[in-house]
Number of protein chains: 2
Amino acid sequence: MGTKERKEREREELSGLILAAAREIFLEKGYEQTSIRNIADRIEYSPGTIYLYYKDKDSIFHALQQEGFSRFGQQMMVLQAVADPYERLKAMGRVYLKFAKENPDYYDLMFVIRAPMKVLDDEECWNEGQNSFNFLVSVVAECKEHGRFACCDPEELAYVIWSTLHGMVTLDIRGRCRVVSDEKREDIEERGFKALLHLLSHI
Amino acid sequence: MGTKERKEREREELSGLILAAAREIFLEKGYEQTSIRNIADRIEYSPGTIYLYYKDKDSIFHALQQEGFSRFGQQMMVLQAVADPYERLKAMGRVYLKFAKENPDYYDLMFVIRAPMKVLDDEECWNEGQNSFNFLVSVVAECKEHGRFACCDPEELAYVIWSTLHGMVTLDIRGRCRVVSDEKREDIEERGFKALLHLLSHI
DNA sequence: TTGATTTACTAAACAGTGTTCAGTATGTTT
DNA sequence: AAACATACTGAACACTGTTTAGTAAATCAA
């Protein structure tokens, strides 16, 4: 008899329901407003039930972070169509900035908020981030094989490129971009990205 | 009779005491652990009293942010000794990274945490940040006057440089640097900064 | 089918959070 | 001495994450 299998299926169903509710509230009202009680209310279960499916609040956000990386990965798929490595690198930057602009809350969860990282103990690997970074490093390395960035270490250059884009995005997301003059603020990330490409094209 | 003056002095005294306690707890135990009740306990007043001196919790963190910028400004003083603008720009980057490394909590408050920015309404000016950014822009502009960065807009280039350093610092502070290989992680910011300088020196 | 056991869930409690406000006690002024 | 102003408190309100004793239902064994 398949009662065991059914039970397992039901377990995963509620676990998925909890995550769906968390995602809804998170995307509707943001991180601060996503509480265990809010999630419980939405699925009409008691708060305690949530702890039968997730260790704590942080692990719910870790699950949402993984969803974010999944979306992110899908968006990056378009890069497979770009043959030239340097063109692929440029397209990658644009996809990165587009993802951040369209999913600022997911971006925050993936790269800024501490909560989802707390479930990883000190030296445990952060797989999702690692894969994304490795991919960037590999693209930079390919550029190098094609003659670009001859004097640079791929990992170091990847890190600098990532830092620049991440810096632009977080200055925006966390409200620090108002220091930029009015006429440039609206498209400052686009301007910044072009300036970065300009720098990269001269080495 | 100077009762009015004395009262005012006493007001500022307690206001300063609250801020000092907030600073202590913030630097000892971090942002999350700095609560109104913790502050009240430390100065042996009731929680309600704090609201007679500060509008809300955010405005306390805004005051702490200003302190952060004050420290930051003092550290930047050493740049007055650097005559050549490009050397000054390089020294500025090093001071920036040094400040972030030595005062990660202040840095977080100044450039990442949302709370202290909430006291500024939507289009109100963020003076502390504005002054710092303007200073960076002016140094880049001076470089340009000395023949460097000929093809770049000073504000845009200042923004890119700031973004790169800010990105490196926040990836570190918010625990996203573990993707960098072990052998480079320890001094990855130094390596990244050198790579940035390398980029800047080729345009 | 009955009794034992496991599973799934809830309600309540604990300890904490920011914030407000009626009441009090002290200091100042008339 | 009475009136008023100021400074502060303590309790309350509405939240937060998390734990746990208790319950009701489902499953299993005899």
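Both backbone and side-chain heavy atoms feed into the values below; hydrogens, waters and symmetry mates do not. So you know, we letter chains A, B, ... as the sequences are listed, proteins then strands, and number each from 1.
- Against DNA chain D, the stretch residues 55-66 of chain A makes heavy-atom approaches under 4.0 Å through A/D56, A/K57.
- Within a 6.0 Å sphere centred on CG of B/D122, heavy atoms belonging to other residues, nucleotides or ligands number 12 at most.
- The interatomic distance linking A/E32 (CD) with D/dC15 (P) rounds to 16 Å, in whole Å.
- Rounded to whole Å, the distance from CG on B/L17 to P on D/dC8 is 11 Å.
- Annotation for B/E123: atom CD does not count as buried by contact number, only 12 or fewer foreign heavy atoms lying within 6.0 Å.
- Between the OH atom of A/Y45 and the P atom of C/dA12 there is a distance of 19 Å, given to the nearest Å.
- For the OP1/OP2 pair of C/dA11 and a distance below 4.0 Å, the side-chain nitrogens and oxygens of A/S46 include no atom meeting the criterion.
- Taking only side-chain nitrogens and oxygens, A/Y53 comes nearer than 4.0 Å to OP1 or OP2 of C/dC9.
- Considering only side-chain atoms of B/L52, the nucleotide from D/dC8, C/dG18, C/dC9 that sits closest is D/dC8.
- Under the rule for a side-chain hydrogen bond (donor to acceptor under 3.5 Å, both in side chains), B/D172 has no partner lying at least two apart in sequence or in another chain.
- Among the nucleotides D/dG17, C/dT10, D/dC8, the one closest to the side chain of A/T49 is C/dT10.
- Note: A/W162 and A/F133 have tilted aromatic rings, judged against thresholds of 30 and 60 degrees for the angle between ring planes.
- One interatomic measurement links the two molecules: CD1 of B/I50 to P of C/dC21, which rounds to 18 Å at whole-angstrom precision.
- More than 12 heavy-atom neighbours from other residues, nucleotides or ligands sit within 6.0 angstrom of CD on B/E124.
- What separates OH of A/Y51 from P of D/dT19 is a distance of 7 Å, to the nearest Å.
- A/K194 forms no cation-pi arrangement with B/Y159, by the criterion of a distance under 6.0 Å to the ring centre and an angle within 45° of the ring axis.
- For the OP1/OP2 pair of C/dT17 and a distance below 4.0 Å, the side-chain nitrogens and oxygens of B/N38 include at least one atom meeting the criterion.
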Could you go through A/W126 and A/F69, starting from their C-alpha distance and side-chain angles, then the distance that decides it, and tell me whether this counts as ring-ring contact (aromatic ring centres under 6.0 Å, His included)? CA-CA 11 Å; A/W126 178 40; A/F69 271 101; 5.7 Å; yes
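- A straight line from CD of A/E13 to C1' of C/dA8 spans 14 Å, rounded to a whole angstrom.
- Within 3.5 Å, a donor on the side chain of A/R37 pairs with an acceptor on the base of D/dG17, or the reverse.
- Rounded to a whole Å, the CD1 atom of B/I36 is 16 Å from the C1' atom of D/dT9.
- In this entry the distance linking CD of A/Q33 with P of C/dT17 reads 19 Å, nearest Å.
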